[in-house]
Peer 1: 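Would you mind keeping the following structure in view while I ask a few things?
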Amino acid sequence: MEYILRTLTKKEEVDSIIRDTIDKVLVLRLGRSSDPLCLQLDDILYKSVREVSKFATVALVDIDSEDVRVYVKYFDITLIPSTIFFFNAHHMKMDSGSADHTKWVGAFQRKQDFIDVVEAIFRGAMKGKLIVTCPLPPERIPKFQLLYKDV
């Protein structure tokens with residue numbers, strides 16, 4: 001079976017996939033298809049989608065689409081690629097040692113890193129948790145300096 005990564009360009013498509021993905025982790029990669037780091041992450045997602053298909057759905061969101069700017073603003077997407085996780089329409093957060101638990105910023109270094117993160121989120125969500133601890137060692141977690149405006 002061929003797995004393809006669906007690209008969402010409209011707010012209604014994003015709303016629908018968040019609402020309709022039940023008992024699976026929804027992985028939304030927000031970024032641009034022209035960005036080299038996004039392409040690196042897309043390659044990892046594409047190679048991993050078969051392994052996680054029983055407990056996760058993966059989709060790409062084009063942040064250049066004017067229609068999805070509400071999500072870009074709501075999730076404060078300033079660095080791309082950013083990956084957001086949902087489970088049964090609930091936003092799942094992950095403590096990866098950074099100040100921002102709402103999203104994964106940057107690309108995963110390996111396919112197995114992505115699979116481990118999604119599996120940890122799925123297991124935590126099945127136990128009713130809304131925030132899980134990142135299963136990756138600190139040296140494989142991208143580090144970014146976060147700057148907060150108007151705080």
Side-chain angles (χ1 to χ4, degrees), residues 3 5-8 10-32 35 37-38 40-63 65 68-151:
Y3 291 91
L5 296 177
R6 183 173 163 198
T7 301
L8 311 173
K10 294 185 172 30
K11 181 185 180 300
E12 293 79 23
E13 293 174 330
V14 177
D15 291 342
S16 174
I17 199 167
I18 290 171
R19 186 180 55 249
D20 298 341
T21 304
I22 303 298
D23 292 337
K24 282 186 169 187
V25 174
L26 173 62
V27 181
L28 293 179
R29 189 278 287 148
L30 289 96
R32 295 183 181 93
D35 183 73
L37 199 55
C38 287
Q40 177 187 345
L41 178 57
D42 291 352
D43 185 51
I44 290 171
L45 296 176
Y46 179 76
K47 290 176 181 176
S48 308
V49 74
R50 187 177 61 78
E51 283 92 340
V52 299
S53 65
K54 291 196 186 302
F55 57 91
T57 300
V58 180
L60 312 177
V61 179
D62 180 16
I63 65 166
S65 173
V68 297
R69 299 301 279 162
V70 65
Y71 284 109
V72 172
K73 186 174 181 182
Y74 181 77
F75 289 110
D76 192 28
I77 306 299
T78 53
L79 298 172
I80 59 169
S82 290
T83 308
I84 301 173
F85 305 94
F86 292 89
F87 186 81
N88 290 346
H90 292 283
H91 181 211
M92 296 296 297
K93 297 171 182 71
M94 182 175 51
D95 182 1
S96 58
S98 73
D100 188 1
H101 301 321
T102 61
K103 59 189 167 282
W104 179 273
V105 178
F108 292 92
Q109 290 183 8
R110 337 183 156 117
K111 173 180 147 179
Q112 192 59 47
D113 290 348
F114 171 72
I115 294 169
D116 291 346
V117 164
V118 173
E119 187 176 1
I121 289 172
F122 178 75
R123 288 175 190 247
M126 292 303 286
K127 294 177 183 174
K129 296 180 180 179
L130 292 177
I131 187 166
V132 298
T133 303
C134 183
L136 303 180
E139 62 271 6
R140 291 209 310 261
I141 298 172
K143 300 286 185 234
F144 295 94
Q145 187 67 31
L146 297 174
L147 301 173
Y148 293 100
K149 287 175 44 179
D150 303 326
V151 176

Peer 1: Please check if the side chain of Ser53 supplies one atom and the backbone of Arg50 the other of a donor-acceptor pair under 3.5 Å.
Peer 2: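 Present.
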Peer 1: Would you compute the distance between atom CZ of Arg19 and atom CG of Leu26 and round it to the nearest 0.5 angstrom?
Peer 2: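 Arg19 atom CZ to Leu26 atom CG measures 12.0 Å (nearest 0.5 Å).
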Peer 1: Heavy-atom distance under 4.5 Å between the side chains of Val68 and Asp62, does that happen here?
Peer 2: no
Peer 1: Between Lys54 and Lys24, what is the shortest heavy-atom contact and its length?
Peer 2: O-CE, 3.8 Å
Peer 1: May I ask you to test the Tyr71-Val61 pair for a side-chain heavy-atom distance under 4.5 Å?
Peer 2: no
Peer 1: On a heavy-atom basis, which atom in Ala59 and which in Ile17 lie closest, and how many Å separate them?
Peer 2: CB-CD1, 4.0 Å
Peer 1: Do Phe75 and Leu28 make a side-chain contact, defined as non-hydrogen atoms from C-beta onward lying under 4.5 Å apart?
Peer 2: no
Peer 1: Please give me the minimum heavy-atom distance between Phe87 and Met126, naming the atom from each residue.
Peer 2: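 Closest approach of Phe87 to Met126, heavy atoms only: CZ-SD, 3.5 Å.
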Peer 1: Can you give me the closest heavy-atom contact between Val49 and Tyr46, atom names plus distance?
Peer 2: CG1-O, 3.4 Å
Peer 1: For the atom pair NZ (Lys111) and CD1 (Ile44), what is the distance rounded to the nearest 0.5 Å?
Peer 2: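 The CD1 atom of Ile44 is 10.5 Å from NZ of Lys111, to the nearest 0.5 Å.
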Peer 1: Does a side-chain N-to-carboxylate-O contact under 4.0 Å join Arg6 and Glu13?
Peer 2: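 Salt bridge flag = no for Glu13 with Arg6.
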Peer 1: Can you tell me how far apart CD (Gln40) and CD (Gln109) are? Round to the nearest 0.5 Å.
Peer 2: 9.0 Å
Peer 1: Is there a side chain to side chain contact (heavy atoms under 4.5 Å, CB included) between Val117 and Leu136? Walk through the geometry before answering.
Peer 2: CA-CA 7 Å; Val117 164; Leu136 303 180; 3.8 Å; yes
Peer 1: Taking C-beta and beyond as the side chain, do Val25 and Val52 meet within less than 4.5 Å on heavy atoms?
Peer 2: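 Heavy-atom side-chain distance check fails, nothing below 4.5 Å.
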Peer 1: Minimum heavy-atom separation for Val132 to Ala120, with atom names?
Peer 2: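 In terms of heavy atoms, the two residues are closest at CG1-O, 3.9 Å.
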Peer 1: Between the side chain of Asn88 and the main-chain N/O of Asp23, is any donor-acceptor distance below 3.5 Å?
Peer 2: yes
Peer 1: With Arg29, which of Leu45, Leu5, Val58 fulfils side-chain contact (heavy atoms from CB on, under 4.5 Å)?
Peer 2: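 It is Leu45, the one option of Leu45, Leu5, Val58 that forms the side-chain contact (heavy atoms from CB on, under 4.5 Å) with Arg29.
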Peer 1: Do Arg32 and Ile63 have side-chain heavy atoms sitting under 4.5 Å apart?
Peer 2: yes
Peer 1: How are the rings of Phe86 and His91 set relative to one another: parallel (under 30°), tilted (30 to 60°) or perpendicular (over 60°)?
Peer 2: tilted
Peer 1: Rounded to the nearest 0.5 Å, what's the gap from CD on Gln112 to CD on Glu51? Could you check?
Peer 2: 8.0 Å
Peer 1: What are the two closest non-hydrogen atoms of Phe85 and Val118, and how far apart are they?
Peer 2: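 Scanning both residues, the minimum pair turns out to be CE2-CG2, 4.2 Å.
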Peer 1: Report the distance from atom SG of Cys134 to atom CE of Met94, rounding to the nearest 0.5 Å.
Peer 2: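 These two atoms lie 4.5 Å from each other.
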